[in-house]
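Beneath this line is the structure, given in structure tokens, with notes to follow.
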Amino acid sequence: MPELPEVETTCRGISPHILEQTIVKVIIRAPKLRWPIPKKISKLLPGKQPISIERRAKYILLHFDIGTLIIHLGMSGRLQTLFTHTAPGKHDHVDIVFANGCCLRYTDPRRFGCMLWTEEPALEHDLLRKLGPEPFSKEFSAKYLFEIGCKRKVPIKNFIMDSKVVVGVGNIYASEALFAAKINPVTPTNEVTKDQFTILIKHIKAILRKSIKQGGTTLKDFLDNSGKPGYFSQQLQVYGRDGEPCNICGTAIESVTLGQRNTFFCPSCQPQ
DNA sequence: ACTTCGACCTGTTGGC
DNA sequence: TGCCAACAGGTCGAAG
């Protein structure tokens, strides 16, 4: 489900309902997600208020004065804000109940996500420390990409999906950005020119921004905190369009497996 | 240091 | 209709 735009959409959606609101109760139902949810948060958090919310890569950071809750939605996770009590479903693993009546509910059928607690500065947590730059940062430049990319032979698609290179470019947007930049996804990274990197970066930023504006991409089941789908899927040019005509030239979109992930491209607009 | 690949889970889909 | 394999938006960590 969630790539960066979906996570950003979620952060923006939950923030007004939970910031500076006092937690009454934390109910943990899942035995474990990717890692066990620390039980102590149900003792630590009641009486406390999230003072800020931050997104780093696809992690959602809920900051308290005593520490930070680190949340990842994995492949199928979702955070909802409920205002009337609803009986928890099979995959509703955590409820954080606030004094204002809001219940922040964490749902994740595949349990690839995580919910962790740290009392250290969150950005120094093992999971976050070695991440690459944010895609919207100044640091994410053609010069930067070219300098590290010229030593790498992996296909360019794998390269831009590597979170040590840049965070937040997932499987959908990697295909979309490469299509927009007219670069074939299997091109070895060290064969991508600096000019191409300049174009690619521009499109990565633009596509992510545009998708955030549309509330993310709903392929099957992404819903934001209030239950609304994202609308960016209507703008996908290649992802999931195997065999359909390219919107630019009419050639049939093809797919190839890269890094065990399905990859879509137009063989004519993105020649090798 | 770079790259590949298995692993973690459940639900849905499509072929036979 | 039913069964089963393949696949799904992520990413860690072991092994080559």
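In what follows, chains are A, B, ... by sequence order, proteins preceding strands, each numbered from 1.
When the side-chain nitrogen and oxygen atoms of A:N262 are compared with OP1 and OP2 of C:dA8, one or more of them lie within a distance under 4.0 Å. Under 4.0 angstrom from either OP1 or OP2 of C:dA8 there lies no side-chain N or O belonging to A:Y239. At the phosphate of B:dT10, neither OP1 nor OP2 sits under 4.0 Å from any side-chain N or O atom of A:K90. Note on A:H91: a side-chain N or O is less than 4.0 Å away from OP1 or OP2 of B:dG11. Dashed line: the shortest gap from a side-chain N or O of A:R111 to OP1 or OP2 of B:dT10 is under 4.0 Å.
Shown for residues 121-130 of chain A: no residue has heavy atoms falling under 4.0 angstrom of DNA chain B. Near-neighbour residues of DNA chain C inside residues 34-42 of chain A, defined by a heavy atom below 4.0 Å, number-ordered: A:R34, A:W35.
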Dump the pairs, protein N or O against N or O of nucleotides 14-16 of chain B, anything under 3.5 Å, distances to one decimal.
none

Any protein N or O atoms within reach of nucleotides 3-6 of chain B? Criterion: under 3.5 Å, listing atom names and distances.
{"unit_1": "B:dT3", "atom_1": "OP1", "unit_2": "A:K153", "atom_2": "N", "d": "2.8"}
{"unit_1": "B:dT3", "atom_1": "OP1", "unit_2": "A:V154", "atom_2": "N", "d": "3.1"}
{"unit_1": "B:dT3", "atom_1": "OP2", "unit_2": "A:R152", "atom_2": "NE", "d": "2.3"}
{"unit_1": "B:dT3", "atom_1": "OP2", "unit_2": "A:R152", "atom_2": "NH2", "d": "2.8"}
{"unit_1": "B:dG6", "atom_1": "N7", "unit_2": "A:Q260", "atom_2": "NE2", "d": "3.4"}

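Here the closest non-hydrogen pair linking A:E176 and A:Q235 is OE1-O, 4.3 Å. For the residue pair A:L208 and A:G168, the shortest heavy atom distance occurs at CD2-O, 4.1 Å. Nearest approach of A:I160 to A:V166, heavy atoms of both residues: O-CG1, 3.5 Å.
For the pair A:L131 CG and C:dC12 C1', the computed distance is 12 Å after rounding to whole Å. In this structure, CD1 of A:I212 is placed 15 Å from C1' of C:dG9, rounded to the nearest angstrom. Atom CZ in A:R56 sits roughly 12 Å away from atom P in C:dT11 (whole-Å rounding). A:I172 has its CD1 atom 10 Å from the C1' atom of C:dA8, to the nearest Å. The nearest whole Å value for the distance from the CZ atom in A:R261 to the P atom in C:dT11 is 9 Å. Counting to the nearest Å, the P atom of B:dT10 and the CG atom of A:D92 are 15 Å from each other. When rounded to the nearest whole Å, the span between NZ of A:K157 and C1' of C:dG10 equals 12 Å.
Spacing between C:dC7 and B:dC5 at atom P, rounded to whole Å, works out to 15 Å. Nucleotides C:dG9 and B:dG14 have their P atoms positioned 15 Å apart, rounded to a whole Å. Taking atom P on both C:dT11 and B:dA1, the two are 23 Å apart, rounded to the nearest angstrom. Comparing the P positions of C:dC3 and B:dC9 gives an interatomic distance of 26 Å, to the nearest angstrom.
Along DNA chain C, the nucleotide nearest A:S163 and the nucleotide nearest A:R110 are compared for position; the residue whose nucleotide lies closer to the 5' end is A:R110.
For the atom pair CD (A:Q270) and NZ (A:K182), the distance works out to 8.5 Å, reported to the nearest 0.5 Å.
With centroids closer than 5.5 Å and planes inclined by less than 30 degrees as the test, A:F112 and the base of C:dT11 fail to qualify as a stacked pair.
Salt bridge annotation for A:K153-A:E191: absent, with no cationic side-chain nitrogen under 4.0 angstrom from a carboxylate oxygen.
Under the 4.5 Å side-chain heavy-atom criterion for grouping Ile, Leu, Val, Met, Phe, Trp and Tyr, A:I199 is not connected to A:I156 through any hydrophobic cluster. Put simply, A:F265 and A:V169 are part of two different groups of oily side chains (I, L, V, M, F, W, Y) that touch within less than 4.5 Å, one to the next.
Counting any heavy atom pair closer than 4.0 Å across all strands shown, A:D108 reaches no nucleic acid atom. Residue contacts for A:F232: at a heavy-atom cut-off of 4.0 Å it reaches no nucleic acid atom on any strand shown.
Pairs engaging residues 16-27 of chain A under the side chain to side chain donor-acceptor pair (under 3.5 Å) rule: A:Q21-A:N100, A:T22-A:Q49 [sequence neighbours left out].
Within 6.0 Å of atom CD in A:E119, more than 12 heavy atoms from other residues, nucleotides or ligands are found, so the atom counts as buried in its surroundings.
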Note, DNA chain B 5' to 3' with Watson-Crick or G-U pairs under 3.5 Å encoded as ( ), [ ], | and . gives .|||||||.|||||||
